[in-house]
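These notes concern the structure reproduced below.
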Amino acid sequence: MKVKMDEMERSIRMRSESLGFKFVLIVLIAWTIVELVLYLGFNRVYNYVPSLFLIAALLVQGLYEQSMKRKMVAGDDEYQEPSRLMQGLVTAVGVMLVTFVVGFMALYIG
């Protein structure tokens, strides 16, 4: 059941969700660094879980933000969308970089 929220309640909800997301990111970054130090310093097996969750969380947040921005300015005459070619190149480089990092981790660390 959906509950109608007024502007203040929406603002409070958005701030709390933002703070929760930032907290989770900080925990994942710290966990990734701890796992990396344990791997490099004490020759323990590297745990991929925090790194993969961190990458996934940042990708989902970034893609959703881009989607929302695109929907907000759809049909606006004053706004000119960046070149599709440039967006495609940046996306391709990002995907290749993530693929390279995951492949490197799988081959050399694991």
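What's counted below: heavy atoms across the whole structure, side chains too, no hydrogens, waters or symmetry copies. Keep in mind the model is a prediction, meaning the values are calculated, not measured.
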(message) Any heavy-atom pair between the side chains of Leu36 and Tyr46 that's under 4.5 Å?
(response) yes
Donor-acceptor list for residues 5-14 side chains, cut-off 3.5 Å, not counting sequence neighbours:
| unit_1 | atom_1 | unit_2 | atom_2 | d |
| --- | --- | --- | --- | --- |
| Asp6 | OD1 | Glu9 | N | 2.9 |
| Glu9 | OE1 | Asp6 | N | 3.2 |
| Arg10 | NH1 | Met5 | O | 2.9 |

(request) Please examine the side chains of Tyr64 and Met68, heavy atoms only from C-beta on, and report whether any two atoms are closer than 4.5 Å. (result) yes
(message) For residues Leu52 and Tyr39: do they belong to one hydrophobic cluster (side chain heavy atoms under 4.5 Å, members Ile, Leu, Val, Met, Phe, Trp, Tyr)?
(response) yes
(message) Quick check on the hydrophobic clustering: are Phe53 and Ile33 connected, directly or via other members, by side-chain heavy-atom contacts under 4.5 Å?
(response) yes
(message) How long is the straight-line distance from NZ of Lys71 back to CD of Gln66, given to the nearest 0.5 Å?
(response) 13.0 Å
(request) Report whether Val49 and Ile29 are members of the same hydrophobic cluster (ILVMFWY, side-chain heavy atoms less than 4.5 Å apart, transitive linking). (result) yes
Extract all donor-acceptor atom pairs below 3.5 Å that involve side chains of residues 89-99 and protein atoms in other chains or at least two apart in sequence.
| unit_1 | atom_1 | unit_2 | atom_2 | d |
| --- | --- | --- | --- | --- |
| Thr91 | OG1 | Gln87 | O | 2.8 |
| Thr99 | OG1 | Val95 | O | 2.7 |

(message) Strictly by side chain to side chain donor-acceptor pair (under 3.5 Å), give each pair with a member in residues 26-38 just once, sequence neighbours left out.
(response) Trp31-Glu35
(request) Could you state whether Ile55 and Tyr48 fall into the same hydrophobic cluster, counting links through intermediate Ile, Leu, Val, Met, Phe, Trp or Tyr residues with side-chain heavy atoms under 4.5 angstrom apart? (result) yes
